[in-house]
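Lettering follows sequence order; numbering is per chain, from 1.
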2 protein chains.
Amino acid sequence: MLQELTETRYGKHDYIFREGDPTEYFHIVKEGTVKCVKSTPEGKECTLKMLMPGDLFCCDAAAFDGASHPGSAQPMGDVSILRMKKKSYFEMLRRNPDAAMEVIKYLGNRLNEAQEKTKDLALDRADQRLASLLVDLAARSGIPDPNGIRLTVRMTREDMANMIGITTETAIRIMSRFKRDRLVSGTANRLLIRDLKGLKALASAS
Amino acid sequence: MLQELTETRYGKHDYIFREGDPTEYFHIVKEGTVKCVKSTPEGKECTLKMLMPGDLFCCDAAAFDGASHPGSAQPMGDVSILRMKKKSYFEMLRRNPDAAMEVIKYLGNRLNEAQEKTKDLALDRADQRLASLLVDLAARSGIPDPNGIRLTVRMTREDMANMIGITTETAIRIMSRFKRDRLVSGTANRLLIRDLKGLKALASAS
DNA sequence: CAATAAACATGACATATATCATGTTTGTGG
DNA sequence: CCACAAACATGATATATGTCATGTTTATTG
């Protein structure tokens, strides 16, 4: 069974798959961070989700028929991915109700997250959404640091902008303000959350 | 087995459940349309999804632990809902791999939809999103009419606004323009899509 | 059918965010 | 370490959309 899971490594400039590619595998993030991206013909990008170790992807319907990927998957730095042919995955689920239940649970959580994000995009201002993003990433990829919480994932202002539906310039401006207000510090290589409470307050000041 | 599914009817002013209520049942829409809504403390609303006959809801993670509903479910007019205690639903899935696979497929599709919506909110203008909405509803709830496609679901400009993250006034203005441009006609009680192609062109003019 | 509320319409104005432009700082590969 | 590119910064201006206000039309209900 488990030998059907193979490990692959990717670097920062690779694609795990591209939007429109046929779906062949079910994936699990083993190490590193993967971003799920959709783009428009004119090159605008929208990052739907940052996948961390333990996250599943392509565990869904697109893997069930001959469909193609609705978005692309790109590593943020070096990552290691476990994958399984979709046929094996499919059979494994049929034989293993526990696994199927886990996938249902996982997809349900992903759907809730996605709907929460929809609500944020629809109702919150840009600075609130950016604060939310930072709070979320602090919880998911942060490590303690003498001055706060350091984010392990390398993320530029442009990356942030794509995650919350604003332009790079707006992300830079808001981050400059957060910096001035001592909420955060540092740049892509060393992002530091200095005042988590302050960010949380901003995030939920809807 | 099937006798565990019970039918309940609701009217336009009822709630099927409210945000925060404990999750007790798995649901299926039998007749009518149900909207899934999230709201802020200040009364702003965001409609996440219109559920039509055949759609499942609460088939997800919130139903798996002692969690509560992340949003509320309200009928758009008269609806009929089938439901099953979550314990029975859970057991049914464990015994029935086909059902579990169907749920995984359904959730995957819902997740894709949600992510498509995220992309629209992040990258498209209000008029494009409204055009998208109308095209989508024409496909899902439209019936042929001498002058185009009539939407069976009764939907005010405010409802539309909540579905695409704009204000009621903006929805009214855009609909007025669509009316002037002969793309649509009519009001909540009798919404008519007069030029589906035109709307599609606008929707994808990203 | 009258009374009342809901839905639609439209103007004037405010504002958050996008766009474009230009410059500085920081990182990186040869 | 130098050269080059990426990332960050910030101003000026444009614009889509929100907000508030007021009026009309269309439903609904007693």
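Checking the phosphate oxygens (OP1, OP2) of C:dA7, no side-chain nitrogen or oxygen of B:T168 falls inside 4.0 Å. A close approach under 4.0 Å does occur between a side-chain nitrogen or oxygen of A:N189 and OP1 or OP2 of C:dG27. The phosphate of C:dT17 has neither OP1 nor OP2 within less than 4.0 Å of any side-chain N or O from A:T170. Between D:dA9 and A:S176, a contact under 4.0 Å exists linking OP1 or OP2 to a side-chain N or O.
In this structure a side-chain-to-backbone donor-acceptor pair under 3.5 Å is present from B:D21 to B:R18. Judged by distance alone, the side chain of B:S39 and the main-chain N or O of B:G43 form no donor-acceptor pair under 3.5 Å.
Here D:dG18 presents its C1' atom at 12 Å from CD1 of B:I174, a figure rounded to the nearest Å. For the pair A:H13 NE2 and C:dG29 C1', the interatomic distance rounds to 11 Å; values are reported in whole Å. The CG-P distance, from A:L130 to C:dA16, rounds to 16 Å in whole Å. Between the CZ atom of B:R177 and the C1' atom of D:dT17 there is a distance of 12 Å, given to the nearest Å. Computed from coordinates, the B:F178 CZ to C:dA9 P distance equals 13 Å when rounded to whole Å. Note: CG (A:L121) to P (D:dG18) measures 13 Å, nearest angstrom. The distance between atom CD1 of A:I166 and atom P of C:dA18, rounded to the nearest whole Å, is 6 Å. Rounded to whole Å, atom P of C:dT17 lies 15 Å from atom NZ of A:K44.
In terms of position along DNA chain C, the nucleotide closest to A:D127 lies nearer the 5' end than the nucleotide closest to the other residue of the pair A:D127 and A:E169. Each of A:T187 and B:A188 lies near DNA chain C, and the nucleotide nearest B:A188 is the one positioned closer to the 5' end.
Listed by residue number, A:T156, A:R157 are the residues of residues 153-161 of chain A with a heavy-atom contact under 4.0 Å to DNA chain D.
Under the 4.0 Å criterion applied to side-chain N and carboxylate O atoms, A:K117 and A:D136 are not assigned as salt-bridge partners. One finds a salt bridge joining B:D127 and B:R177 here, because a Lys/Arg side-chain nitrogen approaches an Asp/Glu carboxylate oxygen to under 4.0 Å. Salt bridge annotation for A:E169-A:R157: absent, with no cationic side-chain nitrogen under 4.0 angstrom from a carboxylate oxygen. Ionic pairing of A:K85 and A:E4 is not present here: no N-O contact between side-chain nitrogen and carboxylate oxygen is shorter than 4.0 angstrom. In this structure, B:D159 pairs ionically with B:K35, as a charged nitrogen and a carboxylate oxygen lie closer than 4.0 Å. Between A:E7 and A:R83, none of the side-chain N atoms (NZ, or NE/NH1/NH2) sits under 4.0 Å from a carboxylate O, so this pair counts as no salt bridge.
Within 4.0 Å of B:R173, counting heavy atoms only, lies at least one base atom of the nucleic acid.
No more than 12 heavy atoms of other residues, nucleotides or ligands lie within 6.0 Å of CZ in B:R182, so this atom counts as exposed by the packing criterion.
One axis for each end of the helix from C:dC1-D:dG30 to C:dG30-D:dC1, each built from five base pairs, and the angle between them comes to 60° at 10° resolution.
Ring geometry for A:F17 against A:H69 counts as parallel: the plane angle stays under 30°, on a 0 to 90° scale with 60° as the upper cut.
Counting only heavy atoms from C-beta on, A:I172 has its side chain closest to D:dC8 among D:dA16, C:dT19, D:dC8.
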